[in-house]
Protein chains: 2
Amino acid sequence: MNKSNVNIIARKTKQREAILKVLKTTDSHPTAQWVYEQVRRELPHISLGTVYRDLKLLKQSGEIEELKFCSSQSRFDGNTGKHSHFCCLKCNSVFDIQEPVDDALDKRVAKENHIDIHYHRLEFFGLCRNCR
Amino acid sequence: MNKSNVNIIARKTKQREAILKVLKTTDSHPTAQWVYEQVRRELPHISLGTVYRDLKLLKQSGEIEELKFCSSQSRFDGNTGKHSHFCCLKCNSVFDIQEPVDDALDKRVAKENHIDIHYHRLEFFGLCRNCR
DNA sequence: TTAGGTGCAAAACCTTTGCCATCCC
DNA sequence: GGGATGGCAAAGGTTTTGCACCTAA
């Protein structure tokens with residue numbers, strides 16, 4: 001993606017490791033608060049401020065993604081493989097959609113609009129299996 | 001879109017008319033604060049709370065859309081015609097991309113995942129003309 | 001007339017930050 | 001050792017809400 005992403009994180013700490021592990025072992029696209037609660041089971045003295053700081057660092061280094069659609073709070077995704085998301089308009093749950101991303105689209109739209117496009121996101125909205 | 005959207009708004013008020021007019025006459029995808037400042041030129045005593053309340057009602061009735069990507073605050077879009085958005089990763093500006101929306105995609109993804117899809121959004125991220 | 005809407009201000013909510021102690025390289 | 005990081009708590013920014021008054025229908 002971007003060379004400037006490299007080496008933003010200088011040290012390996014148990015807090016950041018634990019946060020990343022939580023995100024890599026769930027596909028629930030959790031909020032910072034939920035990550036905090038999970039990590040606290042392993043590191044009871046971690047603070048919410050640290051969770052936010054480390055989430056920001058992990059995002060900048062490209063290891064996780066921040067999702068902002070659906071609900072007022074950010075959600076974080078440890079799956080950096082290319083995929084799309086679905087958000088239920090009723091229960092606000094978010095889950096992955098394995099829809100291949102069309103990179104040719106980025107090139108065409110970039111050319112047409114005279115801009116640089118790094119990536120795009122495709123998000124579906126509707127009703128999930130439980131709410132339909 | 002959804003029949004339940006109809007008749008959420010019971011009365012026509014000058015505040016809501018003015019808010020809608022601001023959104024319909026700009027393509028800048030403004031924040032609530034910016035809408036507030038604009039409307040105040042016409043209705044100096046309107047409150048920010050009213051702006052938020054009316055933006056929510058207008059969204060529920062389908063007259064405007066709320067955009068959450070890029071930056072911590074919501075942006076509002078009075079253009080409900082189908083289109084996509086671009087967000088500059090450097091200056092955070094948002095503008096429209098006239099890329100036709102593929103409705104067949106919704107049907108296929110809905111079928112594959114056993115969910116109801118009402119619509120999708122396509123968002124591009126990169127560097128705008130000024131920042132590239 | 002009256003239910004819905006507004007203005008105001010306080011509260012709620014999410015996220016960031018300052019400070020100092022602690023830890024990693 | 002020294003700079004990066006964390007814990008804690010306070011601050012900051014955005015959005016929501018309670019309440020009394022107002023107004024469109």
Side-chain angles (χ1 to χ4, degrees), chain A residues 5-23 29-61 63-77 87 92 94, chain B residues 5-23 29-61 63-77 87 92 94:
Chain A
N5 284 343
V6 179
N7 288 333
I8 288 174
I9 294 182
R11 292 183 190 174
K12 176 186 283 196
T13 67
K14 60 181 187 301
Q15 288 88 346
R16 205 144 50 217
E17 295 281 292
I19 290 167
L20 188 56
K21 193 178 77 185
V22 165
L23 281 168
H29 311 82
T31 62
Q33 181 68 37
W34 190 88
V35 172
Y36 170 60
E37 284 158 17
Q38 295 306 114
V39 172
R40 223 163 29 150
R41 305 202 299 201
E42 190 177 329
L43 302 172
H45 297 293
I46 196 171
S47 75
L48 186 55
T50 297
V51 172
Y52 274 105
R53 265 188 296 236
D54 283 350
L55 286 171
K56 178 171 276 187
L57 285 170
L58 290 166
K59 182 178 65 167
Q60 289 173 340
S61 75
E63 294 179 80
I64 65 172
E65 284 179 21
E66 182 176 6
L67 307 176
K68 286 194 196 256
F69 60 96
C70 257
S71 99
S72 56
Q73 48 201 330
S74 286
R75 292 165 173 279
F76 297 87
D77 188 350
C87 174
N92 265 12
V94 175
Chain B
N5 283 342
V6 180
N7 289 333
I8 288 173
I9 294 179
R11 292 184 191 172
K12 175 184 283 193
T13 67
K14 59 181 187 298
Q15 288 87 347
R16 204 144 50 220
E17 295 282 292
I19 290 166
L20 188 56
K21 191 178 79 186
V22 164
L23 280 168
H29 310 83
T31 62
Q33 181 68 39
W34 190 88
V35 172
Y36 171 59
E37 285 158 16
Q38 295 306 113
V39 171
R40 224 164 26 151
R41 305 203 298 203
E42 189 177 329
L43 302 172
H45 297 293
I46 196 172
S47 75
L48 187 55
T50 296
V51 172
Y52 274 104
R53 266 188 295 237
D54 283 349
L55 286 170
K56 178 172 276 187
L57 285 171
L58 289 166
K59 181 177 68 168
Q60 288 173 340
S61 75
E63 294 179 80
I64 66 172
E65 284 179 20
E66 183 176 5
L67 307 176
K68 286 193 195 258
F69 59 94
C70 259
S71 100
S72 57
Q73 49 200 331
S74 286
R75 292 167 174 278
F76 297 87
D77 188 350
C87 174
N92 265 12
V94 175

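In what follows, chains carry the letters A, B, and so on, assigned in the order in which the sequence lines appear, proteins first and then strands, with residues in each chain numbered from 1. This one's a predicted model, so the numbers in the text were calculated from it and none came from an experiment.
Distance CD1 (I46(A)) to P (dT5(D)): 14 Å, rounded to an integer number of Å. A straight line from CG of L43(A) to P of dT22(C) spans 17 Å, rounded to a whole angstrom. Straight-line distance from the CG atom of D54(B) to the P atom of dT16(D): 12 Å, rounded to whole Å. The interatomic distance linking L48(B) (CG) with dT15(D) (P) rounds to 9 Å, in whole Å. Per the geometry, OH belonging to Y36(A) stands 16 Å off P belonging to dT16(C), to the nearest Å. Computed from coordinates, the R16(B) CZ to dG4(C) C1' distance equals 9 Å when rounded to whole Å. Whole-Å rounding puts the L57(A) CG to dT17(C) C1' distance at 14 Å. For the pair L58(A) CG and dT5(D) P, the interatomic distance rounds to 11 Å; values are reported in whole Å.
Between I19(A) and I46(A) there is a side-chain heavy-atom pair separated by less than 4.5 Å. Counting only heavy atoms from C-beta outward, the side chains of I9(B) and L58(B) approach each other to under 4.5 Å. Taking the side chain as every heavy atom from C-beta outward, L48(B) and Q33(B) approach each other to under 4.5 Å.
Proximity of S47(B) to the phosphate of dT6(C): no side-chain N or O atom is located under 4.0 Å from OP1 or OP2. Between S74(A) and dT15(C), a side-chain N or O to OP1/OP2 separation shorter than 4.0 Å is present. Note on T13(B): every side-chain N or O is 4.0 Å or more away from OP1 and OP2 of dA24(D). Side-chain nitrogen and oxygen atoms of K56(B) include at least one within less than 4.0 Å of the OP1 or OP2 phosphate oxygen of dT16(D). OP1 and OP2 of dT15(D) both lie 4.0 Å or more from every side-chain N or O belonging to Q33(B).
Out of dT15(D), dG6(D), dT6(C), the shortest distance to the side chain of T50(B) is found at dT6(C). Between dC14(C), dG6(D), dT6(C), one nucleotide has an atom nearer to the side chain of Q15(A) than all others, and that is dG6(D).
Residue whose closest nucleotide on DNA chain D sits further toward the 5' end, between K12(B) and E66(B): E66(B). Mapping G49(B) and Q73(B) onto DNA chain D by nearest heavy atom places Q73(B) at the nucleotide closer to the 5' end.
Checked options K59(A), H29(A), K68(A); the residue passing with S74(A) is K68(A) (criterion: side chain to side chain contact (heavy atoms under 4.5 Å, CB included)).
The OG atom of S61(A) lies 8.5 Å from the CZ atom of R16(A); values are rounded to the nearest 0.5 Å.
When heavy atoms are screened at a 4.0 angstrom cut-off, R53(B) is found touching base atoms of the nucleic acid.
Counting distance only, with no hydrogens placed and no angle test, the side-chain atoms of R11(B) and the base atoms of dG5(C) include no donor-acceptor pair under 3.5 Å.
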